[in-house]
Amino acid sequence: MSIEELTGQAEAILFASGEPVALDRIAQVLGVRTAAAEKMVSALQDKYNTPESGVHLLMLGDSAQFCTNPAFIEPVRAALDLKRNTPLSQAAMEVLAVVAYNQPVTKAFVEQVRGVDCSGVVGSLVQKGLLEERGRLELPGRPLLYGTTENFLRCFQLESIDRLPPPPGEGEQQEQEEDSDDGEDDGPEQITLDV
Amino acid sequence: MSIEELTGQAEAILFASGEPVALDRIAQVLGVRTAAAEKMVSALQDKYNTPESGVHLLMLGDSAQFCTNPAFIEPVRAALDLKRNTPLSQAAMEVLAVVAYNQPVTKAFVEQVRGVDCSGVVGSLVQKGLLEERGRLELPGRPLLYGTTENFLRCFQLESIDRLPPPPGEGEQQEQEEDSDDGEDDGPEQITLDV
Amino acid sequence: MEKLQYKLENFEGPLDLLLTLVAKNKIDIYDIPIAELLEQYMEQIDLMREADLDVASEFLEMAARLVYIKTASLLPRQEDEEDPRMELTGLLLEYQQCKAAAEKLKTLAAFNTVTRPAEELPADFIYKRIHDPRELRQALRAAWGKGKSLMPPKPESFSALVSARIVSVASQTVYVLRTLWKRGSIAYRALFAGKDERSARVAVFLALLELVKNRRVRVEGDGDLCEVKLMGREKA
């Protein structure tokens, strides 16, 4: 099979799935090595990720996902009658931060750090697809472990969880105080983090 | 706004909506005439509708919709796990066996043998391509008759239905515990139910 | 110390309130004046109670904890014993980091992309696994005879107990057709002549319905004039 045809198949899989698809999975289905799948996805990224393209292809951890070009969010919202995403509450942000920097973690850990019950917030973050269950801790009571999702990476414009900014406390000195930009409406550019 | 950018916005809208989007709607959201939206969609069709593309843009009446290139449906199905290939349940296996050895039979016959309602199981075996309808019995209620399919023969590695292993009960005495050699094809005799 | 104008619900929890008090009073987090902090903390809690607000249990728990730390720090300590305030310091530092991390995340939050719902493709249900044909024989053996114990008893099995004969619909179908073949048509009531048992009458009636449904016979007229005719062989 030609590389063009294989790439077309990868494109079809990514498109039809809607969800992030692991490169491994694409490779397995197409009967190629993961490196080859990686190349195909990278070729697709070159094709899609232009400023005028309506569709972009994101890498989220080891998975790829099609989504709309961030520059065109307004017409898309208008056409689909989507409400602006209600910004996350302070509590939700704090829970996300604790999980993101320490995952996988139990709810008890999050509650210990924050000093308050977090069941409701954790539940709603799971429902929003920002957190997910990651098995259980082999301790009495076998508490559930939580981690961030690929959807979290997409919403926070991270290519992978390694790209989180360094945790506060470490490397605090390089960090400039200035930026109060809320990231929300500063347009299409993907924020690139230098880590 | 440039025509490229508008086209990108139309592309984003079409992509984000899983359903067909009316050209009118696109025109309205982008603030252009319907004719212009038509042109944009037509340009997108030129871009997408090639044999190697994983995604095609279809016109359905006055609406447009992205869909997977039908040529690539198989890898897409494989990737999305749309092949329902969970092994047969014990119940399904029993229904299949009763039909195989007594075909054509009515559902009522199978139910009489097994003593439980079989509608669900029979339906799912038909869907799996293991059983098929074989006309109706000329009795009041004209119940449907069922038999096994070609696909059934393939799944059970049988050259023909005559090659079914001899039913239990008959020739049980010659039969050693496990070595029921498949060569012994004493055939297709129907089991007669004494009820 | 300065009075705070905050409301309790503005705080994410007791740690948040404590951190605010620490910041407001420029307290050295590594050397917390526990008595002062406790006093201010309780003032806030009391304000809440005056306002008739439910004070979450976490706030009260923390109050108890502060009281304990205060008491413990009044007692003489061994040299290797830890300062009871250190645990509080640890909690506050950790929560401070959590808040800072949340601030960082906020700067990244975009929510400016939309994904696509998965395409609804018809599933391929065709079964493709390969089995040993002998599995069928085993399954048949398993299925066999299950029915005898589980199915409701057939009417025939009661025949010895029940005097009434069960008349099958099939037999009456034959009766109706045979009668009509001979005569072409018959008065509806005449069809039931000689059918004395209820079971027989019901069977004739059901047979008639079945035949009408299958367009083998037609029923015309009503009352005493009602007639049953064989279809496709009508007499004028």
Side-chain angles (χ1 to χ4, degrees), chain A residues 15-20 55-56 58 65-71 73 76-77 80 82 84-85 87-88 90-98 100-101 110 112-117 151 154-158 164-169 172 175 179-188 190-191 193, chain C residues 6-22 29 41 54-66 87-124:
Chain A
F15 170 83
S17 153
E19 309 257 294
V55 182
H56 279 184
L58 301 186
Q65 183 179 29
F66 276 123
C67 67
T68 55
N69 181 343
I73 187 64
V76 169
R77 280 202 183 117
L80 272 65
L82 295 178
R84 262 185 103 78
N85 255 310
L88 295 169
Q90 176 67 20
M93 271 302 179
E94 290 184 12
V95 171
L96 267 182
V98 177
Y101 281 100
V110 181
Q112 195 193 328
V113 171
R114 297 191 58 240
V116 283
D117 179 77
N151 190 37
R154 183 172 59 82
C155 293
F156 288 84
Q157 309 182 87
L158 297 165
L164 272 177
E172 200 84 303
E175 198 194 325
D179 63 334
S180 59
D181 65 321
D182 50 352
E184 182 96 343
D185 346 40
D186 46 15
Q190 303 267 332
I191 297 180
L193 290 164
Chain C
Y6 298 113
K7 289 211 176 101
L8 207 50
E9 57 261 52
N10 292 344
F11 297 104
E12 285 299 325
L15 288 173
D16 199 15
L17 170 55
L18 282 175
L19 268 187
T20 310
L21 294 172
V22 162
I29 207 165
Y41 185 87
D54 269 344
V55 179
S57 61
E58 287 111 356
F59 286 92
L60 301 177
E61 242 170 72
M62 180 56 77
R65 200 153 169 179
L66 292 176
E87 196 193 328
L88 184 62
T89 299
L91 285 178
L92 289 175
L93 284 174
E94 213 170 16
Y95 184 60
Q96 205 168 37
Q97 280 189 6
C98 162
K99 285 186 75 165
E103 284 313 307
K104 282 198 176 185
L105 269 190
K106 262 187 217 168
T107 66
L108 301 179
F111 297 103
N112 58 2
T113 52
V114 174
T115 58
R116 196 187 147 76
E119 202 172 19
E120 284 179 23
L121 291 172
D124 177 7

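Proteins come first, then strands; the chains are lettered A, B, ... in the order of their sequence lines, and each starts at number 1. Not measured: the values here are computed from a predicted model.
To the nearest 0.5 Å, atom CG of residue C:Leu17 and atom CD of residue C:Glu58 are 12.5 Å apart. Note that CG of C:Asp16 and OG1 of C:Thr20 are 5.0 Å apart. Values are rounded to the nearest 0.5 Å. Note: C:Leu15 CG to C:Leu88 CG = 8.0 Å, rounded to the nearest 0.5 Å.
Applying the ring-ring contact (aromatic ring centres under 6.0 Å, His included) rule to C:Tyr95 yields no partners; only residues at least two apart in sequence or on another chain are considered.
Using a 4.5 Å cut-off between heavy atoms, A:Asn151 does not touch chain C at all. The contact between A:Val98 and chain C is made entirely by side chain atoms (from C-beta outward), counting heavy-atom distances below 4.5 Å. Neither the backbone nor the side chain of C:Glu61 comes within contact range of chain A; no heavy atom of the residue lies under 4.5 Å from a heavy atom of that chain. Interface remark: A:Gln65 contributes side-chain atoms only to the contact with chain C (heavy atom separation under 4.5 Å). Of the two parts of A:Phe66, only the backbone, made up of N, CA, C and O, holds a non-hydrogen atom closer than 4.5 Å to a non-hydrogen atom of chain C.
Interface check for chain C: of the options A:Ala97, A:Ser17, A:Ala92, the most heavy-atom pairs under 4.5 Å are formed by A:Ala97.
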- What do the steps show when you test C:Leu105 against A:Leu164 for side-chain contact (heavy atoms from CB on, under 4.5 Å), and what is the final call? CA-CA 8 Å; C:Leu105 269 190; A:Leu164 272 177; 3.9 Å; yes

